[in-house]
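The figures here come from the full heavy-atom set of this structure, side chains too, leaving out hydrogens, waters and symmetry mates. Throughout, residue positions are numbered sequentially from 1 according to the sequence presented.
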Amino acid sequence: MDTFYISHGSPMMSIDEGVPARKFLQSWREKVMPGQRPKAILVISGHWETAEPCVNVISTTNPTIYDFYGFPKPMYQVPFSFSDLILDGSVFHCSLSDHLVNDCGTLTRFRCWVPINFLEHDRTGAEQFQVNSDNNLKYPAPGAPELAMRVKELLEVAGFEKVKEERSRGLDHGAWVPLMLMYPDADIPVCQLSVQLHKDAQYHYNMGKALSPLKEEGVLIMGSGSATHNLRTMGPDAAPPPKWALDFDTWLKDSLLNGRYEDVNDYLNKAPYAKMAHPWPDHFYPLHVAMGAAGEGAKAELVHHSWTNCTMSYASYRFTSCK
């Protein structure tokens, strides 16, 4: 089975018919993978960052995580600012530093809006928030605990010594937003694997190589990020992409289509405007995992390309293994 890197872009794609990539993902089963139904799906999302590799081991239905902010009211109920956030099932505990962490070491910083159905103080004095179970934007895909443990096994055999298990975390929007369009019935088991921001692109490529056997086991390996991802530079959809975004996007396409994977692994030195296109590598490392999982000599194909918000490229790629 081929591996893929999907630019999931904005969560707005879940409700906005005007996002061009939405139609691409809705045509997935007919045009991209006709006649192929994965046994399970492994998503490497730019929205799950941990100190060590971590898999979510969910034996029931994956909870839907609303990990986004600043979007239209239909996607939210109550706004709040937070600093420390610890995810415990569908409950968020909020305290007063300036980072986001969970049991697997997730670390990020932002102001967030989430659907909430109650607000109270717990015994520690932290504010407690619960995701609204009535929100219409859900993706109740079953968990894939067997796949999670297989991923852990493959990584450990390949030398990734510490692979943790997260048994309450569900699917973040890097997983469920594209999947709700690709497989709207939500009937295929899904597992997520985290990225490590303190590591480099080669590390994530090697992670993908370790996971390569999954392709022959009926597993769809999907990196989910964004070909360009600098939220501070976003503008109107009608505005033309600036030179830095076009140059990086074109470099990436040319490098992948011509098999220059070593350059992509060394993108910080090889790519034009690398740090402008990706101030943080969270949305780019999933590409390296998908690329590595396809194996040496894999053929890359651009399966979709569009822009929104002036600087956000939705370039998405298929990697076909060399037979």
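- Surrounding CD of Glu161 are at most 12 heavy atoms belonging to other residues, nucleotides or ligands under 6.0 Å away.
- Using a 4.5 Å cut-off between side-chain heavy atoms of Ile, Leu, Val, Met, Phe, Trp and Tyr, Trp244 falls into a hydrophobic cluster with Tyr273, Met276.
- Atom NZ of Lys39 is separated from atom CD of Glu217 by 7.5 Å, given to the nearest 0.5 angstrom.
- A donor-acceptor contact under 3.5 angstrom links the side chains of Thr50 and Gln196, judged on distance only.
- No side-chain donor-acceptor contact under 3.5 Å links Ser45 and Ser224.
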*Might you work through the side chain to side chain donor-acceptor pair (under 3.5 Å) test for Asp263 and Asn269, ending with a clear yes or no?*
CA-CA 8 Å; Asp263 286 357; Asn269 295 312; over 6 Å; no

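- Note: Phe24 and His304 have parallel aromatic rings, judged against thresholds of 30 and 60 degrees for the angle between ring planes.
- The minimum heavy-atom distance between Ser255 and Val264, with the atom names listed, is CB-CG2, 3.7 Å.
- Here the side chains of Ser313 and His305 are in contact, with some heavy-atom distance below 4.5 Å.
- Between Thr320 and Asp2, the side chains place a donor N or O and an acceptor N or O closer than 3.5 Å (distance only, hydrogens not considered).
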_The test is salt bridge (Lys or Arg N to Asp or Glu O under 4.0 Å); show your working for Asp266 and Arg260 and say whether it passes._
CA-CA 10 Å; Asp266 191 26; Arg260 298 198 300 269; over 6 Å; no

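- Side-chain contact between Leu287 and Leu256: present, with at least one pair of heavy atoms (C-beta onward) separated by less than 4.5 Å.
- Side-chain heavy atoms closer than 4.5 Å link hydrophobic residues (I, L, V, M, F, W, Y) into clusters, and following such links, even through other members, never connects Leu246 to Leu257.
- Contact between Phe4 and Leu220 at its shortest, heavy atoms only, is CD1-CD1, 3.6 Å.
- Listed here is the closest heavy atom pair of Asn62 and Gly143: ND2-CA, 3.4 Å.
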*Check the pair Lys270, Trp251 against side chain to side chain contact (heavy atoms under 4.5 Å, CB included), reporting the backbone distance first and the verdict last.*
CA-CA 9 Å; Lys270 300 291 187 180; Trp251 172 87; 3.8 Å; yes

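- The two residues Tyr261 and Met291 come nearest to each other via the heavy atoms CD2-SD, 3.5 Å.
- Between atom CD1 of residue Ile6 and atom CD1 of residue Ile44 there is a gap of 11.5 Å, rounded to the nearest 0.5 Å.
- Lys209 contributes atom NZ, which lies 7.5 Å from atom CD of Gln202 (distance to the nearest 0.5 angstrom).
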_Apply side chain to side chain contact (heavy atoms under 4.5 Å, CB included) to residues Arg167 and Ile58 and explain how you reach the verdict._
CA-CA 6 Å; Arg167 295 186 173 270; Ile58 304 298; 5.6 Å; no

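- Distance alone, capped at 3.5 Å, is enough to place a donor-acceptor pair between the Asp16 side chain and the Gly18 backbone.
- Nearest approach of Met312 to Ser10, heavy atoms of both residues: SD-N, 3.9 Å.
- To the nearest 0.5 Å, atom CG of residue Asp172 and atom CD1 of residue Ile65 are 6.0 Å apart.
- Judged by distance alone, the side chains of His283 and His278 never bring a donor and an acceptor atom under 3.5 Å apart.
- Residues Val19 and Thr308 form a side-chain contact, since some pair of their non-hydrogen atoms from C-beta on lies under 4.5 Å apart.
- Counted by atom type alone, Glu166 and Ser168 present one or more donor-acceptor pairs between their side chains at under 3.5 Å.
- Using a 4.5 Å heavy-atom threshold, the side chains of Arg169 and Gln192 count as touching.
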_Set out, in order, the CA-CA distance, both residues' side-chain angles and the distance that settles side chain to side chain contact (heavy atoms under 4.5 Å, CB included) for Met33 and Trp28, then state yes or no._
CA-CA 6 Å; Met33 292 186 65; Trp28 182 268; 3.4 Å; yes

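- Proximity of Leu147 to Leu42: side-chain heavy atoms (C-beta onward) are separated by under 4.5 Å at one or more points.
- Contact detail for Pro241 and Trp307: the closest heavy-atom pair is CG-CD2, 3.6 Å.
- Using a 4.5 Å heavy-atom threshold, the side chains of Tyr314 and Met13 count as touching.
- The structure places CZ of Arg318 at 10.0 Å from OG1 of Thr3, a figure rounded to the nearest 0.5 Å.
- Two residues are said to be in side-chain contact when any heavy atoms from C-beta on lie closer than 4.5 Å; Leu179 and Met182 meet this criterion.
- You'll find the side chain of His173 reaches within 4.5 Å of the side chain of His47, heavy atoms only.
- The aromatic rings of His288 and Phe284 lie perpendicular to each other, with more than 60° between the two planes, well past the 30° mark.
- In this structure, Ser226 OG and Leu231 CG are separated by 8.5 Å, a value rounded to the nearest 0.5 Å.
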*asked:* Run the ring pair (Phe, Tyr, Trp, His ring centres under 6.0 Å) test on Tyr205 and Tyr285 for me, step by step, so that the C-alpha distance in whole Å, both residues' side-chain angles and the decisive distance to 0.1 Å come before the verdict.
replied: CA-CA 8 Å; Tyr205 180 83; Tyr285 284 167; over 10 Å; no

*Candidate pair Leu137 and Tyr66, rule side chain to side chain contact (heavy atoms under 4.5 Å, CB included), full reasoning*: CA-CA 9 Å; Leu137 289 176; Tyr66 304 91; 4.2 Å; yes

*Does the pair Tyr183 and Trp176 meet the rule for a ring pair (Phe, Tyr, Trp, His ring centres under 6.0 Å), with working shown?*
CA-CA 10 Å; Tyr183 298 103; Trp176 67 262; over 10 Å; no

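- Side-chain atoms of Asn265 and Asp200 include no donor-acceptor pair closer than 3.5 Å.
- A donor and an acceptor atom, one from each side chain of Asp249 and Thr228, are nowhere located under 3.5 Å apart.
- At most 12 heavy atoms of other shown residues, nucleotides or ligands fall within 6.0 angstrom of atom CD in Glu262.
- The closest donor-acceptor contact from the side chain of Ser14 to the backbone of Pro11 lies under 3.5 Å.
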